Amino acid sequence: MNEEKRSRKILDRLREEYPDAHGSSLDYDGPIQLLVATILSAQSTDEKVNEITSKLFKRYSSAKDFAEADRDELESLIYSSGYYRNKAKWIQETCERIVKDHNSKVPREIDDLVKLEGVGRKTANIVLSDSFGTNQGIPIDTHVKRLTKRLGFSEAENRNKMEQKLMDLIPRDRWYEYATLLVSHGKRFCKARKPKCDECVINDLCPTAFSHG
DNA sequence: CTCCCGATAT
DNA sequence: ATATCAGGAG
């Protein structure tokens with residue numbers, strides 16, 4: 001079976017398994033908040049991020065709020081997500097730039113988004129897909145990277161090359177679906193440490209099933 | 001490549 | 001004790 005057919009069968013089967021997997025599981029109201037929440041989600045869990053943003057967005061909610069926030073207070077509010085100094089700096093510099101150069105609105109083009117401090121292609125693609133409903137790329141996070149490698153669709157190298165490979169393999173209208181379904185599956189079964197291949201609904205389509213020790 | 005960094009699972 | 005969590009910058 002060729003890669004296109006195998007990838008299609010995998011997506012179809014995962015869609016049955018996760019019919020409710022739409023977009024991110026982050027809590028937010030509007031593009032700015034999604035952008036902030038996604039910056040916070042680096043090397044953290046979305047559960048932890050939601051816990052933080054439930055308080056954070058009551059204190060600061062607009063780009064202007066974050067741009068003018070007290071750095072120490074912002075750091076203390078996001079402390080438990082890790083990388084709190086970098087993240088506070090990124091959130092503020094990004095929001096300052098959005099207020100000054102983008103009329104306080106989150107840019108809708110990926111080339112503009114990735115110029116913002118702390119915003120890479122993964123974060124940009126999530127905001128574009130989840131908040132604006134466009135698909136200019138595929139967000140490659142730790143789950144998508146791990147599952148893509150295990151499924152044999154790309155040799156991990158770096159995330160940009162993997163994204164390009166997947167953009168060639170997957171039909172454009174399923175790019176974001178690919179990412180969200182692999183994240184869902186990665187969290188529940190195809191875990192980094194002890195993948196549950198015996199319970200996996202696509203183990204017959206996976207070249208590395210039952211070989212993870 | 002290294003560094004940033006706390007919380008949680010194993 | 002160590003690996004991992006919807007990464008990005010230098």
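These numbers were taken from a predicted model, which means no experiment stands behind them. Just so it is clear: chains get the letters A, B, ... in the order the sequence lines come, proteins before strands, and each one is counted from 1. The analysis underlying the following values was restricted to heavy atoms, covering all of them including side chains, and did not include hydrogens, waters or symmetry mates.
Going from the P atom of C:dA6 to that of B:dA9 covers 12 Å, rounded to whole Å. Taking the P atoms as reference points, C:dA3 lies 14 Å from B:dT2, given to the whole Å.
In the region residues 44-72 of chain A, proximity to DNA chain C at under 4.0 angstrom, judged on heavy atoms, holds for A:Ser44, A:Thr45, A:Asp46. Within residues 125-137 of chain A, no residue places a heavy atom under 4.0 Å from DNA chain B. Within residues 159-181 of chain A, no residue approaches DNA chain B, by heavy-atom distance under 4.0 Å.
Residues passing the ring-ring contact (aromatic ring centres under 6.0 Å, His included) test with A:Phe57, sequence neighbours excluded: none. For the salt bridge (Lys or Arg N to Asp or Glu O under 4.0 Å) test, residues two or more places apart in sequence or in another chain that qualify with A:Lys64 are A:Glu68. Legend: residues meeting ring-ring contact (aromatic ring centres under 6.0 Å, His included) with A:Tyr28, ordered by chain and number and at least two apart, are absent. When the ring-ring contact (aromatic ring centres under 6.0 Å, His included) test is applied to A:Tyr84, the partners found at least two apart in sequence or on another chain are A:Tyr79. Scanning for ring-ring contact (aromatic ring centres under 6.0 Å, His included) contacts around A:Phe66 gives A:Tyr60, with sequence neighbours left out. Partners of A:Asn103 according to the side chain to side chain donor-acceptor pair (under 3.5 Å) rule, which considers only residues two or more places apart in sequence or in another chain, do not exist here. Partners of A:Glu73 by salt bridge (Lys or Arg N to Asp or Glu O under 4.0 Å), not counting sequence neighbours, listed by chain and number: A:Arg59.
The backbone N or O of A:Ser41 sits nowhere less than 3.5 Å from a side-chain atom of A:Ser44 that would complete a donor-acceptor pair. Of the possible donor and acceptor atoms, one in the side chain of A:Thr208 sits under 3.5 Å from a partner among the backbone N and O of A:Arg150. A donor-acceptor pair under 3.5 Å links the side-chain atoms of A:Asn203 to the main chain of A:Cys197, judged by distance alone.
Counting only residues at least two apart or in different chains, salt bridge (Lys or Arg N to Asp or Glu O under 4.0 Å) contacts with residues 14-33 of chain A comprise A:Arg15-A:Glu177.
Taking atom OH of residue A:Tyr84 and atom P of nucleotide B:dA7, one finds them 10 Å apart after rounding to whole Å. Separating the NZ atom of A:Lys191 from the P atom of B:dA9 is a distance of 10 Å, rounded to the nearest angstrom. If you measure from atom NZ of A:Lys187 to atom P of B:dA9, you get 14 Å, rounded to the nearest angstrom.
Each of A:Leu26 and A:Lys89 lies near DNA chain C, and the nucleotide nearest A:Leu26 is the one positioned closer to the 5' end. Comparing A:Leu116 and A:Ser25, the nucleotide of DNA chain C nearest to each residue sits closer to the 5' end for A:Ser25.
Judged by distance alone, the side chains of A:Asp46 and A:Ser25 do bring a donor and an acceptor atom under 3.5 Å apart. Residues A:Asn125 and A:Glu163 bring a donor and an acceptor atom of their side chains to less than 3.5 Å of each other.
Nucleic acid contact class of A:Thr38 (heavy atoms, under 4.0 Å, all strands): none. Residue A:Leu34 is out of contact with every strand shown, counting any heavy-atom pair closer than 4.0 Å. Note on A:Val119: only backbone sugar-phosphate atoms sit closer than 4.0 angstrom, heavy atoms only; bases stay farther off.
Using a 4.0 Å cut-off between charged side-chain N and carboxylate O, A:Asp204 and A:Arg13 make a salt bridge.
Chain A approaches DNA chain C over the interval C:dT2 to C:dA9, counting the first and last nucleotide 5' to 3' with an atom under 4.0 Å from its heavy atoms.
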